[in-house]
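Letters go in sequence order (proteins before strands), and every chain restarts at 1.
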Amino acid sequence: MSTIPEYYKIVEEVFEKYKDKEFLFVGRHTQRWDSIEKIKGRALFTADFARLYSNLVYVHSVRTKYAHARIKSIDVSEASKYPGVLRVITAEDIPGINDVGYVIPDQPLIADRKVRYIGDIVALVVAENPLVAREAGELISVEYEPLPVITNPLDVVDLMTLKEKPHTLVHDERGSDILVHYKIRRGDIEKAMREADVKVEGVYKTPFQEHAYMEPEASIAIPEPDGSVTVIASTQCPFDVRKAVAKVLGLTLNKVRIVVPAVGGGFGGKEDVANEVAAKAALAAVLTGRPALAVHTREESIIGHSKRHPMIAWYRHAAKKDGTLVAVEANVVMDGGAYASLGPFVPWRATVHATGPYKVQSARVDVVRVYTNNVYTGAFRGFGNPQVIFAVERQMDLLAEELGMDPVELRLKNILRVGDETVHGQKLTEEHGVGLEEAVMKAVEASNWFELRRRYSEITGPVRKGIGIALFYHGNSIGVEGADYSSVTLIINRDGSVSIRTGLTEFGQGSTWGLALIAAEILGVPPSYFKIENPDTSATPDAGPTVASRATVMGGAATVVAAYKLRKRLNEVASHILGCDPDDVVIRAPDVYCSSDPSRRTRWADVVEQSFWLGVPLQEFGYYRAPRALWDEETGQGAPYITYTFGAIVADVDVDIETGLVKVNKIFTAYDIGKVINRMGAELNAEGGAIQALGYALMEEIIHDKEGRVSNPNLSTYYVPTIKDVPEIIPLWVEAKYRKGPLGAKGFGEPSFNAVAAAIANAVAHAIRANVTELPITPERVYMLLKNKQKT
Amino acid sequence: MSEVGASRASWNTYRDVEVSFKVNGKEVRVRVKPYERLLDVLRNKLGLLSVKEGCGRGECGSCVVIMNGKLIPTCLTLAVRAEGSEILTLEGIAPEGKLHAIQKALLDTYSMQCGFCFPGVIMASKYLLDKNPDPTEDEIRDALDGNICRCGSYLRFIKAVKLASKYIKEGKVFFDESEVLR
């Protein structure tokens, strides 16, 4: 495998060719292909398909009464006899393997031996009517032997030693409740700490966060005549759902077809739970021979799907008098809840980013993820990075205070620039695109940082003002988590319209539209000619999961490859028609002409028609695989990601010190995402990510009681920002292009969330002159901070 | 065995009731169970799928429609309450092939993310503009406070409602769909 794959050459060649050109479609505001159907309310989301099936059955999940218990027996006889009930399904009815674990097989679809959290399912009731199914579910009697419930991760592991404590194991079959332990070892940490001029340390906590996508989880499964099953599913990752369903049903992959219609939000949450819901519907469909709908209520959604990992972290930073960062030490404990979910990967991303976007000469980082009886935690926009950013950026502000430096000055002294090495020893070059400094300068200038920082420091009275900054970097795509590939099929139809087929999914973020814009630019065909087909495992190619801010970068690269090859062929056909050199052909559909002599022209439709009769294929498959990432398990040294997105956030807040209420006035978001592909998508992510992170900073927290029950399982008790909470958001862009990315693009889905909460926290700390160490910053917490400050 | 389940009359035992009302200008007559929600009847019996269920508890605004001039959550409204009423859903807001000014404005402001909350947001905006043709930013925030958009297009909604207000004042209530996609 020493030869360089063709697709690398194509992506770089296209980058070089376009890097100084003015784009027609890329980076511009465009209307998505699905705009009209969505604005008219005609777009169909999964549950909307239920109406198409007259003999539909409904699947109700009967959930455990205890968060931790052994199941001694289960009696479903009463429920099975209940009028209208077609079938009650328990673990022993599963034809394949009873597991829906996303990364490791630790999560039964239906609990058999024990239950580990309050959302665990003990049986499924399938009935003609959803209310009857629920009613019959109440007749199922389960004999439990309750076990001690662990809701505090520090009952599993000690924060300072990271040693496991004796406790009743959540996963007794594994022999340990520590799922993973990742490390960074760089330089001589003892010596660096000894020789440093100043040190700051602190313990930081972040909460469980709920995705609260507006469309609750849903799947409809249709049994097919050949024994296969089709599932319409609300998911980010159709090919992962296919694998999970096939496993549960004991079918080969080609006997399971997953179709993804419009999806009402995901944010990382519709990765693994989609597998569970699809498997429930598929099981019911196969066992009853009828189409089956499984849809979660909002409460089921909140108690029954993954959350953002809560973090408890101890950090120590050391610096020289001039502000040079010399050492960072960190112990990070992440609460995994009952199952692994994406837990083998989230703490890894947290580890990689654990020291922030700074040059760090010496570092010792240990990150563990433990099992508890809380709702399990997994992927959520940012994937472990927002948690450590909060800790690191609070530490940076403490350090600035200790050194008597401005927070911006301290950061500028230490940020990563071209030529610097990351804490993993990865050298950042021009090729990566490193625009952090420019982002900082833009955010600082737009926000009038220096003047406001000084002015706000002098404010007294009941309403205080604060301004805070936070920086981040974010590794693009999945790094060493797995095979990092993507693929796209481009099809020019006989009438000149274009279809894009990819297993990457659209769930609001707009990244697949970015693929259309890339193809439009390279082919010379306006975006209005394009349609992105729904992901369908029987029709669209496997493009890997739609996660990790990878769709634009990875799917975009595959699109570049396919569009480049198609364009080459089209130019030859046009050259044949027009009689000029293929390199001289300009396609600007509906027109095609010779650059040297624009009077020699033809129509796009004619070029397409000619291609058809000449036997020139009008379909092309594009594949791209990321260069291999490197990571040494013992030292955390290597090159963990292909490139990084950078950003600087400034938040401007008011804090009412009588009520404790924080009001965010403005958020300046300066992002280096390389070449902006989908302008509308980028702006909406910048705003939407900031709003979701504002919720994380100020109000969002899933609370478990000591029995492991969720105290706020609906939207009137779990608060998310409404239109009344939203401040002015000022998006600023830096385009430090990633030369190996599609037209220089980097990823942006997750980064738009990353550092906003940390910036708000720093602004609040500035306003009230107290040390904010915990999110969310509720009025109660502000009150306690002020009260404790008075005491000391 | 669960005592709750045993002591309660089953959903199976209720008989159908006939309900007549007007939806999007059309008279309809449907047979419903007395416990059925208007949400389910609009969606399943009448095929008005723009009415979305986001929470089932009146907390998210995805299922709101205009009934007798009022904005109501259909998930908290029994279908039998619709008797004799006039209901407007997103499907009835503009003629075939046309977009209402609010829809046009939402596209003009590039506000589309997942789109699940949009039917509710559009109906709440329509309700606002019907009562108050020239709302201030604060009035728009008050009017849309019950509509959760987790993708976070809120700032665009404010711009869009203002733009729609302008369009309507200029007499431009409907637009051709083809004007948008170019």
Charged N-O contact under 4.0 Å between A:E683 and B:K159: no
Minimum heavy-atom distance A:N129-B:Y35, with the two atoms named: ND2-OH, 3.5 Å
Most contacts with chain A, counted as non-hydrogen pairs under 4.5 angstrom, among B:L106, B:L107, B:L99, B:I102: B:L107
Check ion pair A:K40-B:E177 (N to O, under 4.0 angstrom): yes
Pairs of heavy atoms under 4.5 Å with chain A: top-ranked of B:L90, B:I158, B:D145: B:D145
Validation row: B:S111, A:M680 side chains within 4.5 angstrom (heavy atoms): no
Non-hydrogen side-chain atoms of A:S716 and B:R57 separated by less than 4.5 Å: yes
Atom pair CD (A:E215) and SG (B:C114), whose distance is rounded to the nearest 0.5 Å: 8.0 Å
Top contributor to chain B interface from A:K724, A:Q692, A:E506 [non-hydrogen pairs under 4.5 Å]: A:K724
Min side-chain heavy-atom separation A:Y213-B:C151 under 4.5 Å: no
Min side-chain heavy-atom separation A:E687-B:R156 under 4.5 Å: yes
Which atoms of A:A50 approach chain B - backbone, side chain, both or neither, heavy atom under 4.5 Å: neither
Side chain, backbone, both or neither of A:V263 within contact of chain B (heavy atoms, under 4.5 Å): backbone
Toward chain A, the part of B:K98 with a non-hydrogen atom under 4.5 Å: backbone
Sorted by number, residues from residues 37-49 of chain B in contact with chain A (heavy atoms, under 4.5 Å): B:R43, B:N44, B:K45, B:L46, B:G47, B:L49
Best-contacting candidate, B:N147, B:I122, B:I140, B:D142, against chain A by heavy atom pairs under 4.5 angstrom: B:D142
Max heavy-atom pair count under 4.5 Å with chain B, selected residue of A:I691, A:D75, A:D48: A:D48
Proximal to chain A - members of residues 60-75 of chain B, heavy-atom separation under 4.5 Å: B:C60, B:S62
Side-chain heavy-atom pair B:M112, A:Q31 within 4.5 angstrom cut-off: no
Proximity breakdown for A:T30 and chain B, heavy-atom pairs closer than 4.5 Å: backbone
Segment of B:T89 engaging chain A (4.5 angstrom heavy-atom cut-off): neither
Aromatic plane relationship, A:H29 with B:Y110 - under 30° parallel, 30 to 60° tilted, over 60° perpendicular: tilted
